[in-house]
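Single-structure report; data block below.
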Amino acid sequence: MNGSYGSYALHETLEVHEIAAFKTVCLTKSKTMQALVSDPELKQIMQRDAEVSTRQLQELSGILSKSHEGG
């Protein structure tokens, strides 16, 4: 790999898709569970987790977009 996103092999692109799908499930669960949690500290942890997952999904989306452009 030469550092370009577009140089990913097919199996690597599929793995990124799998990670993105998993992170989407995690994000959905965190956001859903926040409504059910009464402890403010736990709610804050879940909010931070949702924010991190959102950023990670944006990064994964960028990787996938560039891999599709290059391949």
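None of these values were measured; they are calculated from a predicted model. One is the number of the first residue; the rest follow in order along the sequence.
The minimum heavy-atom distance linking Ser30 with Asp49 is given by the pair OG-OD2, 2.6 Å. For Thr13 against Ser67, the heavy-atom pair with the smallest separation is CG2-OG, 3.6 Å.
One distance of note links CD of Glu51 with CG of Leu27; it measures 10.5 Å at 0.5 Å rounding. The structure places CD1 of Ile19 at 11.0 Å from CG of Leu14, a figure rounded to the nearest 0.5 Å. Distance check, rounded to the nearest 0.5 Å: CG of Leu57 to CG of Leu64 gives 10.0 Å. Between the NZ atom in Lys31 and the OG1 atom in Thr54 there is a gap of 5.0 Å [rounded to 0.5 Å].
Hydrophobic cluster membership of Phe22, counting Ile, Leu, Val, Met, Phe, Trp and Tyr whose side-chain heavy atoms lie under 4.5 Å apart directly or via other members: none, as it forms a cluster of its own. Taking Ile, Leu, Val, Met, Phe, Trp and Tyr as hydrophobic and joining them when side-chain heavy atoms fall under 4.5 Å apart, one finds Met46 in a cluster with Met33, Leu36, Val37, Leu42. Grouping Ile, Leu, Val, Met, Phe, Trp and Tyr by side-chain contacts under 4.5 Å, direct or through others, leaves Val52 on its own.
Using modelled atom types, one finds a donor on one side chain and an acceptor on the other under 3.5 Å when comparing Lys23 with Gln56.
Among the candidates Gln44, Lys29, Gln47, the single residue satisfying the side chain to side chain contact (heavy atoms under 4.5 Å, CB included) test with Gln34 is Gln47.
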